[in-house]
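Note sheet for the following structure.
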Amino acid sequence: MTTTALIVIDIQNDYFTGGLWPVHEMDRVAENAAKALEKARTEGQKVIFIRHEALSDEAPFFRPGTEGAEIHPSVAPRDGEPVVLKHRPNSFHETDLHQRLQDAGVTAVTLVGAMSQMCIDATARAARDLGYDVTVIADACGAREVSMGDTTISAPDVHAAFMGALQGAYAEVV
């Protein structure tokens, strides 16, 4: 077992076409995440899945107990691979993720998943603050467009802005 863990964040059905909150090019993101997952498994890295579930049935997506809140089959956990349930963008917030990583002797994490501007960003920053070396695989992460007032920013631009912001001080973006 290496001291690096792959953390697969929120690759869930609602983020795919036909889901409640589709992410730009999520099929491509999941395909690249699946490649990273297979590589991590082959190398004997610890793999941890993060599954986001809203606290309300009225949430716009990841509603409790729905198919949309389930992990997508393209990156399905194998028997024995842990799934950490979270309710906020930061995968460490009120979860046992940090303890699991410490117990496994993990010192570095690699992140894949969605969304770049929310859960990837929040988790990468928290991981660095907790002392982990952080790598983000950019083409295995996805974003949605955002709007502020009269300005709409495309999903590719949102993704690039967040990867650029993480690069250096918080993560190695590859």
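Numbers here are sequence positions counted from 1.
Applying the salt bridge (Lys or Arg N to Asp or Glu O under 4.0 Å) test to residues at least two apart or on different chains, the pairs with a partner in residues 6-21 are Asp10-Lys86. Listed by first then second residue, pairs satisfying salt bridge (Lys or Arg N to Asp or Glu O under 4.0 Å) with a partner in residues 65-77 number zero, not counting sequence neighbours. The salt bridge (Lys or Arg N to Asp or Glu O under 4.0 Å) pairs that include a residue from residues 108-123 are Asp121-Arg125, where partners are two or more places apart or lie in different chains.
Atom CG of Leu85 is separated from atom CG of Asp96 by 10.0 Å, given to the nearest 0.5 angstrom. From Leu111, atom CG reaches atom OG1 of Thr123 across 6.5 Å, with rounding to the nearest 0.5 Å. Put simply, CG on Asp133 and OG1 on Thr110 are 10.0 Å apart, with the number rounded to the nearest 0.5 Å. Atom CZ in Arg63 sits 12.5 Å away from atom CD in Glu53 (nearest 0.5 Å).
Nearest heavy atom pair, residue Pro64 against residue Ala54, reads CG-O, 3.2 Å. For the pair His159 and Ser116, the tightest heavy-atom approach, listed with the atom from each and the gap, is ND1-OG, 2.7 Å. Tyr132 and Ala108 get closest at one heavy-atom pair: CD2-N, 4.3 Å. Ala171 and Val136 get closest at one heavy-atom pair: CB-CG2, 3.9 Å. Contact between Arg78 and Glu38 at its shortest, heavy atoms only, is NH2-OE1, 3.4 Å. Contact detail for Pro89 and His52: the closest heavy-atom pair is N-CE1, 4.1 Å.
In terms of the side chain to side chain contact (heavy atoms under 4.5 Å, CB included) criterion, residue partners of Thr107 (sequence neighbours excluded) are, by chain and number, Thr3. For Thr42, the side chain to side chain donor-acceptor pair (under 3.5 Å) test picks out no residue, with sequence neighbours left out. Taking the side chain to side chain contact (heavy atoms under 4.5 Å, CB included) definition, one finds that Asp157 meets it with Ile153, Ser154, sequence neighbours left out. The side chain to side chain donor-acceptor pair (under 3.5 Å) check on Gln102 picks up His98, with sequence neighbours excluded. In this view, Glu25 and Arg28 satisfy the side chain to side chain donor-acceptor pair (under 3.5 Å) rule, not counting sequence neighbours. The side chain to side chain contact (heavy atoms under 4.5 Å, CB included) check on Glu94 picks up nothing, with sequence neighbours excluded. Judged as a ring pair (Phe, Tyr, Trp, His ring centres under 6.0 Å), and not counting sequence neighbours, His24 has no contacts. Lys39 is linked by a side chain to side chain contact (heavy atoms under 4.5 Å, CB included) to Glu43, counting only residues two or more places apart in sequence or in another chain.
Residues Phe162 and Val134 do not share a hydrophobic cluster, defined by chaining ILVMFWY side chains whose heavy atoms lie under 4.5 Å apart. Under the 4.5 Å side-chain heavy-atom criterion for Ile, Leu, Val, Met, Phe, Trp and Tyr, Leu97 and Tyr170 are members of the same hydrophobic cluster.
The main-chain N or O of Ala69 is found under 3.5 Å from a side-chain atom of Gln12 such that the two form a donor-acceptor pair.
Grouped with Met115 in one hydrophobic cluster are Leu6, Val8, Ile11, Tyr15, Phe16, Leu20, Trp21, Val23, Met26, Val29, Leu37, Val47, Phe49, Phe61, Phe62, Ile71, Val75, Val83, Val112, Met118, Ile137, Val174, the linkage being side-chain heavy-atom contacts under 4.5 Å among Ile, Leu, Val, Met, Phe, Trp and Tyr residues.
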Evaluate side-chain contact (heavy atoms from CB on, under 4.5 Å) for Ile9 paired with Ser91, printing each intermediate quantity in order. CA-CA 8 Å; Ile9 301 172; Ser91 298; 4.1 Å; yes
side-chain contact (heavy atoms from CB on, under 4.5 Å) between Ile120 and Met163: does it pass, once the steps are laid out? CA-CA 9 Å; Ile120 298 300; Met163 293 299 109; 4.3 Å; yes
Could you check His87 against His93 for side-chain contact (heavy atoms from CB on, under 4.5 Å), going step by step and ending with a plain yes or no? CA-CA 8 Å; His87 304 292; His93 182 78; over 6 Å; no
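For Glu81 and Arg51, the salt-bridge test fails: no basic side-chain N is under 4.0 Å from an acidic carboxylate O.
Looking at heavy atoms from C-beta onward, Cys141 lies out of side-chain contact with Asn32 at the 4.5 angstrom threshold. The side-chain heavy atoms of Leu101 and Ile7, taken from C-beta on, include a pair separated by under 4.5 Å.
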